[in-house]
Amino acid sequence: AMQTLAADAGDRLAARLNGADFALLAAGEDDPAQLGEAILAGLGETVLSKWADFGDVFHAGVVPYRQGEDAADLLSASDKALAIAESRGPNGCHSLTAALGPHQNMSSETWRQTLTEALGEGRIRLERYPVLAAGGRAMHQEGAARLQFQPGGAWLTAGEFMPMALRLKLSATVDQDALRIAWDHLADESGGDIAVNLSADSIVDWGFLKTVTDILGQNPERRRRLWIEVPEYGVFRNFDAFRSFCLAIAPLGCKLGIEHFGRHFGEMAKLAELGLDYIKVDGSYVRDIDGNEGNREFLRGLCKMARNFGILVIAEGVLTEAELTTLLDLGFDGATGQAVTRRMQG
């Protein structure tokens, strides 16, 4: 498939790097995103058409090359783009269009050492963002992990460090630390509920599951105010593991949910059997919802279906007051995003 992609255009070279990693050098291309779409289309035609039953087959990362850049930096940036693509969903692509920061042009081994040191020294925290319930009260706070890459340095968002943590099998350590921070926050009864995002790789780790059950077993009052969510992509990539995770966690009394929900609307009944408490609908489905009648009907039907199963529906990434008002009118039980933050601060 890579040879075909190279042959279809001039000045291209395809090569195998190692294991299942391949590279395509495309001279003369000045739009990484457009090239990424072409790669996805080409791989889809030559690979997915033959192996469609496998589902999640490949990921692609695209980076621009500028004259004078070191080959090692270029490959490190490519590795970063690929890791981000892997974290976002099946058969996907992520393109970098701007120069990476100095902490990102690093080899995988340097990433491993730096992440391990940061986690070992406790340089991780949770930033909390409000989730508004339909009645106007605070439903809970989302806990977003932040990592201080170097002592005294800037705090990186999860989007900047989690893709490499996933690639290097360090996500369970990150999630354990985030869960413990949230647990400590819940000691303050006036602090409200808090939601913690867990990676797909963590839920298949037996040692991580034991850690979670050990923590939650300490205090029944706290765990009733804890919300645990897993990205949709990870849920359906490891559904049996997610089922086992739910069966182990649900009896403890915390709330279980799925974030970035959208591709598997038709699986609602299957999810309800797991005792799921809520779903958070991906922001791409709610963008400009106030002006999209087709999407409004679709989401109204989703809310009705979820309500029949006793599942709360929360909108992610709501940007405007018009979007927020429309979503609540459609039957959403809650929302998060910039519009929510502004309303609650006002």
Side-chain angles (χ1 to χ4, degrees), residues 88 125-146 155-160 162 178-179 181-182 185-186 188-199 224-233 235 254-263 265 268 276-307 310-346:
R88 289 189 171 174
R125 71 185 189 195
L126 290 183
E127 287 191 3
R128 300 192 291 274
Y129 299 93
V131 178
L132 179 73
R137 62 180 177 80
M139 179 180 284
H140 63 260
Q141 293 179 311
E142 287 188 338
R146 298 290 183 264
W155 290 84
L156 304 185
T157 66
E160 293 176 294
M162 274 304 292
L179 181 61
I181 293 171
H185 160 80
L186 292 171
D188 180 2
E189 296 182 1
S190 65
D193 295 9
I194 190 167
V196 178
N197 309 318
L198 302 182
S199 68
R224 294 190 186 97
R225 294 161 48 221
L226 178 67
W227 302 53
I228 294 178
E229 53 199 49
V230 180
E232 180 195 62
Y233 170 49
V235 167
C254 60
K255 295 178 177 62
L256 291 170
I258 297 178
E259 63 172 344
H260 310 324
F261 189 77
R263 291 175 178 265
F265 284 118
M268 190 68 70
L276 207 68
D277 294 290
Y278 67 100
I279 56 173
K280 289 184 174 177
V281 178
D282 190 82
S284 61
Y285 291 89
V286 305
R287 190 69 60 248
D288 298 321
I289 190 64
D290 50 302
N292 190 323
E293 179 61 32
N295 275 6
R296 288 201 297 273
E297 288 303 312
F298 178 69
L299 293 178
R300 184 181 287 111
L302 169 67
C303 291
K304 290 180 180 178
M305 183 188 306
R307 187 172 293 112
I311 296 175
L312 298 174
V313 184
I314 301 166
E316 291 181 334
V318 182
L319 298 180
T320 68
E321 186 67 25
E323 289 176 355
L324 179 57
T325 300
T326 301
L327 290 165
L328 296 179
D329 288 343
L330 289 175
F332 274 73
D333 299 289
T336 183
Q338 295 177 17
V340 170
T341 301
R342 288 194 298 269
R343 178 182 285 196
M344 299 191 77
Q345 288 177 344

Check: Can you check whether L256's main-chain N or O pairs, donor with acceptor, with D277's side chain at less than 3.5 Å?
Finding: yes
Item checked: Check: E232 side chain, E259 main-chain N or O, donor-acceptor pair, under 3.5 Å -> no
Next item on the list: May I ask you to test the V318-L132 pair for a side-chain heavy-atom distance under 4.5 Å?
Entry: no
Checklist line | Heavy-atom closest pair, residues A315 and V286 | finding: CB-CG1, 4.1 Å
Margin query: Taking the side chain as everything from C-beta on, heavy atoms only, tell me whether L327 gets closer than 4.5 Å to V281.
Written below: no
Checklist line | Nearest-0.5 Å distance that lies between atom OH in Y285 and atom CZ in F261 | finding: 9.0 Å
Checklist line | For the student: nearest non-hydrogen atoms of A335 and I314, plus distance | finding: N-CG2, 3.8 Å
Check: How far does CG of D333 sit from OH of Y278, to the nearest 0.5 angstrom?
Finding: 13.0 Å
Item checked: CD1 on I258 to CG on D282, rounded to 0.5 Å -> 13.0 Å
Checklist line | Residues L179, L226; criterion side-chain contact (heavy atoms from CB on, under 4.5 Å); working and verdict | finding: CA-CA 9 Å; L179 181 61; L226 178 67; 3.9 Å; yes
Notebook entry, point to check: Taking N197 as the fixed residue, which of H260, M162, E229 is the one that meets the side-chain contact (heavy atoms from CB on, under 4.5 Å) rule?
Noted result: E229
Next item on the list: Would you mind reporting whether L299 and F332 have side-chain heavy atoms less than 4.5 Å apart?
Entry: yes
Item checked: Criterion side-chain contact (heavy atoms from CB on, under 4.5 Å) on V340 and V131, from CA distance to verdict -> CA-CA 7 Å; V340 170; V131 178; over 6 Å; no
Next item on the list: Begin with the C-alpha distance, continue with both residues' side-chain angles, and end with the deciding distance and a verdict on side-chain contact (heavy atoms from CB on, under 4.5 Å) for T325 and E321.
Entry: CA-CA 6 Å; T325 300; E321 186 67 25; 3.8 Å; yes
Checklist line | I194 backbone acceptor or donor facing R225 side chain under 3.5 Å | finding: no
Check: Quick check: are there more than 12 heavy atoms from other residues, nucleotides or ligands sitting under 6.0 Å from CZ of R300?
Finding: yes
Check: Is there a donor-acceptor contact under 3.5 Å from the side chain of R128 to the main chain of H140?
Finding: no
Notebook entry, point to check: Do any N or O atoms from the side chain of E297 and from the backbone of G294 form a donor-acceptor pair under 3.5 angstrom?
Noted result: no
Item checked: Nearest non-hydrogen partners of A306 and M268, listed with the distance -> CB-CE, 4.3 Å
Checklist line | Nearest-0.5 Å distance, CG of residue N292 to CD of residue E323 | finding: 11.0 Å
Next item on the list: Step by step, work out the side-chain contact (heavy atoms from CB on, under 4.5 Å) result for N295 and R287.
Entry: CA-CA 10 Å; N295 275 6; R287 190 69 60 248; over 6 Å; no
Margin query: Please check this pair: side chain of R307 against backbone of G331, looking for a donor-acceptor N/O pair closer than 3.5 Å.
Written below: yes
Next item on the list: Output yes when K280 and E316 qualify as a salt bridge under the 4.0 Å nitrogen-oxygen rule, no when they do not.
Entry: no
Next item on the list: Can you measure from CZ (R224) to NZ (K255) and round to the nearest 0.5 angstrom?
Entry: 10.0 Å
Notebook entry, point to check: Is the shortest heavy-atom distance from the side chain of M139 to the side chain of D193 under 4.5 Å?
Noted result: no
Next item on the list: Could you pull out the closest heavy-atom pair between L276 and I311, with the gap in Å?
Entry: O-CG1, 3.6 Å
Notebook entry, point to check: Out of curiosity, L126 CG to R146 CZ, how far, rounded to the nearest 0.5 Å?
Noted result: 9.0 Å
